[in-house]
Amino acid sequence: LDLSENYDLGNAGMEVLQAGLSSVPHLAVLRLGGGLLWNVGMTAVGMSSLAPHMRHLAGLRELDISRNIIGDTGLKSLAAVLPYFTAMQVLILVHTGISTTGMRILVPALCPLTGLIRLDISNNEIGDAGLESLTAVFPTFIAMQVLGLERTGISTTGIRTLVSALRQLTGLVKLDISQNDTGDPGLETQALGFQGL
């Protein structure tokens, strides 16, 4: 189900969607994201109302809520249901207003998603502390191939943490750490060297 870039949906649209989700228990793809200019107009309020009605979607393989500013509050609602999505392969959370606090909420919810192939949290200010929370659960990501960390407020400290943890992502094919103020091109090169190993 692809509803991307329907900005007029808004939080009210999420209330309508939650009623419809009950009739599609085998839904595999739910795209509520957007391009550079548009999303579906969902905020934390919309995410909080929608999330409880997603619990039955055990076969959901792809979820994209990019560019909807749900923030840490909305993420908390999503994190409460993520563990139910044991078939999840793709999770796109680009530019959703997640902070370091949000990452601490998200990370435990990601642990049951052992089949996750792609995770993209780019354009969220998670910082070094948020990245450290994420790297702590790298061993559970046994299928991870693509990891997006573009413009996430990572410094040299964060890149060092990442480099030491990347060897645990043995299937990693693509890593995006661009537009972070690492101040150390050598470390970035070292991190990117783990791709495709």
Side-chain angles (χ1 to χ4, degrees), residues 1-35 38-126 129-131 133-134 136-137 140-144 146-148 152:
L1 178 61
D2 191 347
L3 298 174
S4 301
E5 300 191 34
N6 285 284
Y7 187 77
D8 289 339
L9 284 174
N11 292 328
M14 296 306 101
E15 291 183 15
V16 175
L17 177 60
Q18 69 191 32
L21 286 179
S22 61
S23 62
V24 286
H26 303 295
L27 189 68
V29 176
L30 181 57
R31 294 182 182 138
L32 301 171
W38 299 104
N39 50 43
V40 297
M42 176 172 57
T43 67
V45 173
M47 189 75 255
S48 298
S49 67
L50 180 64
H53 298 273
M54 297 171 63
R55 289 179 188 268
H56 68 288
L57 302 177
L60 195 64
R61 294 195 308 268
E62 178 181 338
L63 177 62
D64 180 357
I65 57 170
S66 57
R67 294 182 169 81
N68 290 284
I69 308 300
I70 63 170
D72 295 338
T73 302
L75 183 67
K76 185 176 181 180
S77 300
L78 178 62
V81 299
L82 275 178
Y84 292 95
F85 307 147
T86 53
M88 183 74 70
Q89 296 178 347
V90 177
L91 180 59
I92 312 296
L93 299 171
V94 175
H95 197 157
T96 48
I98 302 170
S99 72
T100 302
T101 301
M103 281 304 294
R104 292 191 181 116
I105 295 167
L106 176 64
V107 166
L110 292 175
C111 291
L113 310 184
T114 56
L116 204 58
I117 294 172
R118 179 184 175 195
L119 174 64
D120 198 339
I121 53 175
S122 298
N123 289 281
N124 288 290
E125 284 292 322
I126 66 168
L131 179 62
S133 299
L134 182 63
V137 297
T140 65
F141 296 151
I142 56 177
M144 184 70 69
V146 180
L147 180 59
T152 47

inquiry  = On a heavy-atom basis, which atom in L93 and which in N124 lie closest, and how many Å separate them?
reply    = O-ND2, 2.8 Å
task = For the residue pair T73 and K76, establish whether any side-chain heavy-atom pair is separated by less than 4.5 Å.
result = no
ask   = Heavy atoms, side chains only, cut-off 4.5 Å: are I98 and M103 in contact?
value = yes
task = State the CG-CZ distance between L91 and R61, to the nearest 0.5 angstrom.
result = 15.0 Å
query = Do L116 and M144 touch side chain to side chain, with heavy atoms closer than 4.5 Å?
reply = yes
task = Using a 4.5 Å cut-off on heavy atoms from C-beta on, say whether the side chain of L134 contacts that of F141.
result = yes
query = Under a 4.5 Å cut-off applied to non-hydrogen side-chain atoms, are M88 and L60 in contact?
reply = yes
task = With rounding to the nearest 0.5 Å, note down the distance linking CZ in R104 to CD1 in I126.
result = 11.0 Å
message = Taking the side chain as everything from C-beta on, heavy atoms only, tell me whether M47 gets closer than 4.5 Å to V45.
response = no
request  = Using a 4.5 Å cut-off on heavy atoms from C-beta on, say whether the side chain of L27 contacts that of L21.
outcome  = yes
ask   = Closest heavy-atom contact between C111 and T140?
value = O-CB, 3.9 Å
Least distance between heavy atoms, M42 atom then N68 atom = N-OD1, 3.1 Å
ask   = Knowing that exactly one of L78, I70, I121 qualifies, which makes a side chain to side chain contact (heavy atoms under 4.5 Å, CB included) with T96?
value = I70
Atom of L113, atom of F85 and distance for their closest heavy-atom approach = CD2-O, 3.0 Å
query = Going by heavy atoms in the side chains, are I65 and L63 under 4.5 Å from each other?
reply = yes
ask   = So which heavy atom on S77 is nearest to which on A51, and how close?
value = O-CB, 3.5 Å
ask   = Any side-chain donor paired with an acceptor under 3.5 Å for D72 and S99?
value = yes
query = What's the shortest heavy-atom distance between E62 and R31, and which atoms?
reply = OE2-NE, 2.8 Å
Donor-acceptor contact below 3.5 Å, side chain S122 vs main chain V94 = no
task = Apply the side chain to side chain contact (heavy atoms under 4.5 Å, CB included) test between L32 and each candidate in I92, D64, L17; give the one that qualifies.
result = L17
